[in-house]
Amino acid sequence: MMGGPGRVGVDAFASGTHLAQWCAPKGATSITQAFDFKPGGVWDATVEGRDGSAYPNYWTWKEIVPPERIVWLYGMGKDDPHPVQTTLTLAEHGATTEATLRLVFGSKEERDERVTKYGAAQGAKLTLDALARYAATLKGK
């Protein structure tokens, strides 16, 4: 997994094992049911909380352009009628990488609900922080 910082960021997505290491709230565990990292492929996983709660996660990869960009649809299951289009853009600046996460909702109402009820903005920030920490562990491997 050698390459520039952006390449390392993409590598953090390249397997269900990698995603399970960083893409869940602190103390939770991601269990992968299916994984295929290519356009049209999916990551089907369940995030299990310490309290026994379980949250389905279903990502459909739309675009993978290493090391610059990954685009996916995020839903609460295969048949989620309101998936969120998520775009991760990685811009290398020397030895560092700027990561930008953009979420596009189907409507203003969906956005408002996910931001207020589910904490989407805070979740996105926590996700970027976790990605940065995990990508740092991949450098040099």
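Only this structure's heavy atoms are used, side chains among them; waters, hydrogens and symmetry mates stay out. In what follows, residues are counted from 1 in the order of the sequence shown.
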Could you give the distance from [atom1] ([X]) to [atom2] ([Y]), rounded to the nearest 0.5 Å?
{"X": "Arg69", "Y": "Leu88", "atom1": "CZ", "atom2": "CG", "value": "10.5 Å"}
{"X": "Thr100", "Y": "Leu128", "atom1": "OG1", "atom2": "CG", "value": "8.0 Å"}
{"X": "Ile70", "Y": "Thr89", "atom1": "CD1", "atom2": "OG1", "value": "9.5 Å"}

Checking side chain to side chain contact (heavy atoms under 4.5 Å, CB included) against His82, which of Met76, Glu113, Arg114 comes through?
Arg114
Would Phe13 and His18 satisfy ring-ring contact (aromatic ring centres under 6.0 Å, His included), going step by step from the backbone distance to the final call?
CA-CA 6 Å; Phe13 284 80; His18 283 307; over 10 Å; no
So which atom in [X] and which in [Y] form the shortest heavy-atom distance, rounded to 0.1 Å?
{"X": "Arg50", "Y": "Gly27", "value": "CG-O, 3.0 Å"}
{"X": "Pro67", "Y": "Val10", "value": "CA-CG2, 3.9 Å"}
{"X": "Cys23", "Y": "Ser30", "value": "O-OG, 3.4 Å"}
{"X": "Leu90", "Y": "Ala99", "value": "CD2-CB, 3.7 Å"}

Can you name the one residue among Trp61, Trp59, Trp43, Trp72 that meets ring-ring contact (aromatic ring centres under 6.0 Å, His included) with Phe37?
Trp61
Report the residues that fulfil side chain to side chain donor-acceptor pair (under 3.5 Å) with Asn57, sequence neighbours left out, ordered by chain and then residue number.
Tyr74
Do Leu19 and Thr32 pass the side chain to side chain contact (heavy atoms under 4.5 Å, CB included) test, and can you show the C-alpha distance, the side-chain angles, and the key distance before you say yes or no?
CA-CA 9 Å; Leu19 281 165; Thr32 297; 6.0 Å; no
Pair Thr86, Val71 - check side chain to side chain contact (heavy atoms under 4.5 Å, CB included), show working.
CA-CA 6 Å; Thr86 308; Val71 180; over 6 Å; no
Any residue meeting side-chain contact (heavy atoms from CB on, under 4.5 Å) with Ala130, in chain and number order, not counting sequence neighbours:
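Only Trp22, Arg133 meet the side-chain contact (heavy atoms from CB on, under 4.5 Å) criterion with Ala130.
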Starting from the C-alpha separation in whole Å, work towards a yes-or-no answer on side chain to side chain contact (heavy atoms under 4.5 Å, CB included) for Tyr58 and Val42.
CA-CA 7 Å; Tyr58 196 87; Val42 301; 3.3 Å; yes
Enumerate the residue pairs fulfilling salt bridge (charged side-chain N to carboxylate O under 4.0 Å, His left out) with a member in residues 95-110, sequence neighbours excluded, ordered by first and then second residue.
Lys108-Asp112
Side chain to side chain contact (heavy atoms under 4.5 Å, CB included), that's the test. Do Glu92 and Thr97 meet it? Break it down for me.
CA-CA 4 Å; Glu92 293 189 12; Thr97 301; 4.0 Å; yes
